[in-house]
Structure formats: structure tokens, C-alpha cells
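All values below come from the heavy atoms of this structure, side chains included, with hydrogens, waters and symmetry mates left out. Start at 1 and go down the list; that is how both ligands and their atoms are numbered. This one's a predicted model, so the numbers in the text were calculated from it and none came from an experiment.
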Amino acid sequence: MEGARRASRYWSGPAAAGRPGRSVQAADRRRGPPVKGLILSGGHGTRLRPLTFTRAKQLIPVANKPVLFYAIEALRAAAIREIGIVVGNTRDEIQAAVGDGRRWDVRVTYIEQPEPLGLAHAVKLAEDYIRGEPFVVYLGDNLLRDGVRDVVDAFRDGAADACILLTPVRTPQAFGVAVLEGDRVVRLVEKPRDPPSDLALVGVYLFHEAIFEAVNAIRPSWRGELEITDAIQYLLDHGRRVEARRVTGWWKDTGRPEDILEANALILEAIEPAVRGQVDERSHLSGRVVVAEGAVVEESVVRGPAVIGEGSRIVRAYVGPFTAVGPRVHIEGSEVERCVVLEGSAIVGLEARLQDSLIGTGVQVVRCHGRPRAFKLVLGDQARVEVL
Ligand code: DAU
């Protein structure tokens with residue numbers, strides 16, 4: 001019975017096709033056993049409501065690309081070609097966006113998690129899929145500037161049972177936290193009220209199969225989840241070798257709206273400028289600006305880093321730094337800066353600048369013309385509006 005249930009939890013597309021680029025081929029020839037990837041893409045995304053009422057949080061675009069795609073690309077750049085994606089109630093949407101992985105020259109297998117019972121629970125469900133190989137767990141809402149290639153190579157060639165990535169943060173109580181003695185990890189604690197250090201666990205973990213003994217032995221935490229942090233603590237308690245590495249470059253957990261805006265700004269900073277759409281001679285672009293195919297910029301100023309998505313129309317407007325305008329957005333007679341505006345929305349005739357805002361799909365923010373002059377709002381549950 002259990003065997004039958006397990007078998008039906010996994011499904012995947014055909015073997016990956018396509019030709020990898022030359023640098024990827026070179027990376028594929030690295031020594032050591034093949035490493036699998038395991039992206040955790042279940043969960044409820046409650047902190048990103050209302051956006052997550054209608055989409056998986058891992059599919060929210062950052063610089064016009066779903067967060068989850070960055071995770072797949074990071075694993076592929078580390079020469080990983082077998083990727084399991086743990087999915088929950090947004091599985092259809094995630095599967096529709098990612099498919100069988102051939103776009104990245106990887107083979108994706110979906111692993112169903114009926115309820116989000118914790119990161120260690122998700123790892124437990126993947127045991128048959130991993131089949132004794134070393135693997136990288138990558139949280140589907142995390143972004144790392146420098147990817148995971150170096151850590152995967154070091155882990156593959158090393159002798160540790162697990163490797164965690166750490167970085168100092170200002171709010172350690174929001175993360176798993178590690179205590180080190182020299183370079184040695186001595187204690188881990190999940191979201192401590194009184195943090196014993198400021199070193200947060202980044203959402204990338206490398207494991208050998210010893211982790212399965214741990215995830216099967218631990219008990220749910222006070223919040224009812226099987227915590228990966230507790231599973232790694234179990235490894236420490238049982239004399240296993242847990243290595244810690246500090247991340248180089250920035251790291252972002254995109255769990256909250258302000259994190260999405262910040263991640264968007266960080267990614268845009270390194271974007272390659274390209275103008276494929278139409279920009280009229282009365283418009284002015286400066287800095288790193290992408291104008292995608294079919295986009296039109298008229299009588300406007302776009303100050304990068306910024307990206308204007310396919311088929312969008314920017315008319316007599318100002319688009320300021322760190323803004324990602326999604327596909328088919330209409331911005332007219334308005335100013336936006338440090339915003340993420342998703343597909344099909346309209347921002348028209350605003351008197352004040354729209355700033356630091358996350359605008360969902362098909363949203364209209366427009367000037368009120370008739371009388372009485374008033375704010376007229378149709379807001380989804382848990383929306384947030386700050387007015388002048
Ligand atoms: O981002 C780093 C932090 O991630 C670590 O510092 C913490 O130690 C770790 O517990 C985790 O904390 P979060 O509260 O941020 O985890 P979250 O619930 O946001 O889940 C992370 C990803 O895993 C997200 O893409 C959803 C997915 N997930 C989550 C749960 C609870 C699953 O696939 N299944 C689950 O059961």
C-alpha cells in the first residue's frame with residue numbers, strides 16, 4: 001500500500017532533450033557522483049497574500065521571471081540535470097509553467113506533498129526519488145546572486161554528511177539560526193525568539209543519505225512542522241559531519257512583499273540592457289533598460305535599471321529605477337518607481353508618483369474623473385493601500 005502510494009507521488013516528463021551551452025557541458029564533466037536537485041515549491045505563501053490567492057508564490061515574477069526559474073537555472077549551472085520539484089496545492093500551475101524541464105536541459109520529476117507539513121517532511125517524501133545520491137535542497141522562493149555551483153562542487157568532492165549555507169541578517173528571529181564554534185556548527189534553532197547568533201540558514205542545503213534517518217526520526221515542532229533545522233540538529237547530535245559555508249554575494253528569501261521589491265532591485269542591477277520594442281524620439285532611456293518585443297515607449301522617460309515587458313505601453317510617463325513592468329501593462333500620464341507591476345495592469349493619470357509598490361495581475365490604478373472626487377477602491381482580501 002505504502003509502496004503504491006509512493007510510486008504515484010512522483011511523475012516526470014521524458015528524458016531531457018536539447019543541447020546545453022559549452023560552459024554547461026564543461027561543468028557536466030566534473031568528477032564525483034551525480035548530484036540531484038530538490039526544489040521545495042509547496043507551502044501556502046500566506047505572507048504574500050493577496051498575490052498568492054491566485055498564484056503560487058514561487059511563480060511571482062522578479063525582473064519579469066518567476067522566482068522558481070532562477071532556482072532551476074542555479075541548479076543547472078551547477079551541472080545538475082535531475083531535479084525533483086515538491087509541489088502542493090499549486091501543482092498544476094507550477095507544472096504548467098515549468099513543464100518537463102527540457103527548456104533548461106534538465107529532467108524534472110514532480111513530487112506531491114499533500115499538505116505543507118514542513119521542509120523535512122518534503123525531503124522525507126523525496127527519499128525514493130533521491131535513491132542514495134547526494135542532493136541539494138533549494139527552497140523555491142530563495143534567490144542567491146552567486147548560485148550554488150561552488151558549494152555543490154565542494155560537497156561532491158568532500159566528506160561531509162550535510163552542508164548548510166549561512167549569512168548574517170538583521171532579523172535572525174525570522175529564520176533558522178546557527179551557532180558556530182570557530183568553523184564548527186554546534187547548534188541550530190528554527191526561528192528563535194531570542195536568537196543565539198545573527199547567522200541565518202539560507203534556503204539551500206546539501207545532503208547525503210544520512211538525512212533520511214534524521215527526517216524520519218524527528219518530531220513536529222511547536223508550529224506543527226517537521227523542521228529541516230531539527231533534522232540537521234539530529235545529524236549533529238548523532239556525530240555526523242555538518243559543514244557550514246558563508247554565502248558570497250547577496251541572498252534573498254522572497255517570502256514577503258518588501259522582499260519581492262528588494263529581490264527585483266537586486267536582479268535588475270545586473271540586467272543586460274536591450275531595446276527590442278519601439279521607443280519614439282521624444283522618449284529618453286538611461287541606465288540599464290530592457291524594452292521587450294512589442295513594447296512601445298512614447299514621450300516618456302525610463303531611468304534604469306528597469307524592464308518593460310512584452311506588449312506594454314508607456315505613454316507620457318516616467319518609469320524610474322528598480323521597476324519591472326510586466327507584459328501588456330499600460331502606464332500613461334503617471335510616474336512609477338521601484339515597483340513591480342504584473343501582467344495586464346493599468347496605471348493611468350495618477351497625480352502622485354507610485355513608489356515601492358507591488359501591483360498584481362489585471363489591476364487598474366486610475367485617476368477618478370467624475371464627482372464626487374474620492375478614492376474608489378475594489379480591493380482583494382488582505383490588500384494594502386497607503387494613500388496621500
Ligand atoms: O529562507 C530561509 C529559511 O527558510 C530558513 O532560514 C529557515 O530555517 C527555513 O525553515 C525556511 O523558513 P521559511 O519560513 O522561510 O520557509 P517557508 O515556509 O517559506 O518555505 C520555504 C519554501 O519551501 C517555500 O518555497 C515553500 C516550500 N515548502 C514549505 C513547507 C512548509 C514546501 O514545499 N513544503 C512545506 O511543507
| query | At a 4.0 Å threshold, what atoms of ligand 1 neighbour a non-hydrogen atom of N142? | reply | 1 (O)

| query | Strictly by modelled atom types, are T361 and E343 linked by a side-chain donor-acceptor pair under 3.5 Å? | reply | no

| So which heavy atom in the protein is nearest atom 19 (O) of ligand 1, and how far is it from that ligand atom? | K57 NZ, 3.1 Å

| request: Quick one: look at I228 and ligand 1, take heavy-atom pairs under 4.0 Å, and tell me if it's side chain, backbone, both or neither. | output: neither

| message | Parallel, tilted or perpendicular: which one describes the rings of W104 and F69, with boundaries at 30° and 60°? | response | perpendicular

| query | Of the choices L226, T254, L119, which has the non-hydrogen atom that lies closest to atom 30 (C) of ligand 1? | reply | L119

| task | Within a distance under 4.0 Å of any heavy atom of S41, pick out the atoms of ligand 1 and give their elements. | result | 33 (O)

| Does some non-hydrogen atom of G118 fall short of 4.0 Å from ligand 1? | yes

| Does any donor atom in the side chain of H121 or Q113 lie under 3.5 Å from an acceptor atom in the other side chain? | yes

| message | Tell me the protein heavy atom at minimum distance from atom 27 (C) of ligand 1, and give that distance in Å. | response | L40 O, 3.7 Å

| said: If I apply the N/O under 3.5 Å rule, does G176 come out as touching ligand 1? | reply: yes

| field | S357 side-chain N/O to L354 backbone N/O, donor-acceptor pair under 3.5 Å | value | no

| task | Please indicate whether R353 has more than 12 foreign heavy atoms, meaning atoms of other residues, nucleotides or ligands, lying under 6.0 Å from its CZ. | result | yes

| request: Consider every N or O of F175 and every N or O of ligand 1, then say whether any pair is closer than 3.5 Å. | output: no

| Test: R223 and E190 ion pair at under 4.0 Å | yes

| said: List ligand 1 atoms under 4.0 Å from R47, heavy atoms only on the residue side. | reply: 14 (O), 15 (O), 19 (O)

| query | Is the shortest N/O to N/O distance between G42 and ligand 1 below 3.5 Å? | reply | yes

| field | Any donor-acceptor N or O pair under 3.5 Å, side chains D141, T254 | value | no

| message | When you compare the side chains of R145 and T248, does any donor N or O come within less than 3.5 Å of an acceptor on the partner? | response | no

| message | So if I count the atoms of ligand 1 from 1 in the order they appear, which ones are less than 4.0 Å from some heavy atom of D253? | response | 1 (O), 2 (C), 15 (O)

| Which atoms of ligand 1 are found less than 4.0 Å from any heavy atom of P116? | 35 (C), 36 (O)

| message | In the structure I gave you, are the side-chain heavy atoms of L75 and Y138 within less than 4.5 Å of one another anywhere? | response | yes

| If you count the atoms of ligand 1 from 1 in the order shown, which ones are under 4.0 Å from a heavy atom of L117? | 36 (O)

| Protein residue, atom and distance nearest to atom 4 (O) of ligand 1, heavy-atom basis | L139 CD1, 3.1 Å

| note | Of all heavy-atom pairs linking L268 and A63, the shortest is CD2-CB, 3.8 Å

| Identify the closest protein heavy atom to atom 25 (O) of ligand 1: which residue and atom is it, and at what distance? | Q58 NE2, 2.9 Å

| Take atom CD in Q278; do more than 12 heavy atoms of anything else shown fall under 6.0 Å from it? | no

| query | Considering only protein heavy atoms, which is closest to atom 22 (C) of ligand 1, and at what distance to one decimal place? | reply | D141 OD1, 3.8 Å

| field | Any E115 heavy atom less than 4.0 Å from ligand 1 | value | no

| note | So for T229 against ligand 1, with non-hydrogen atoms under 4.0 Å, the contacting part is side chain

| Distance from atom 34 (N) of ligand 1 to nearest protein heavy atom, with residue and atom | Q113 OE1, 2.7 Å

| said: Heavy atoms only: which of L68, L201, I111 lies closest to atom 6 (O) of ligand 1? | reply: L201

| query | Is the H208 to F135 ring centre distance short of 6.0 Å? | reply | no

| Given the protein's heavy atoms, is any one of them under 4.0 Å from atom 16 (O) of ligand 1? | no

| task | Return yes when W251 approaches ligand 1 closer than 4.0 angstrom through a heavy atom, no otherwise. | result | yes

| query | Counting heavy atoms only, which of E225, K191, E190 is nearest atom 14 (O) of ligand 1? | reply | K191

| Of the options R103, R149, K65, which is the one that meets E73 in a salt bridge (Lys or Arg N to Asp or Glu O under 4.0 Å)? | K65

| query | What do you reckon, is CD of E209 surrounded by more than 12 foreign heavy atoms closer than 6.0 Å? | reply | no

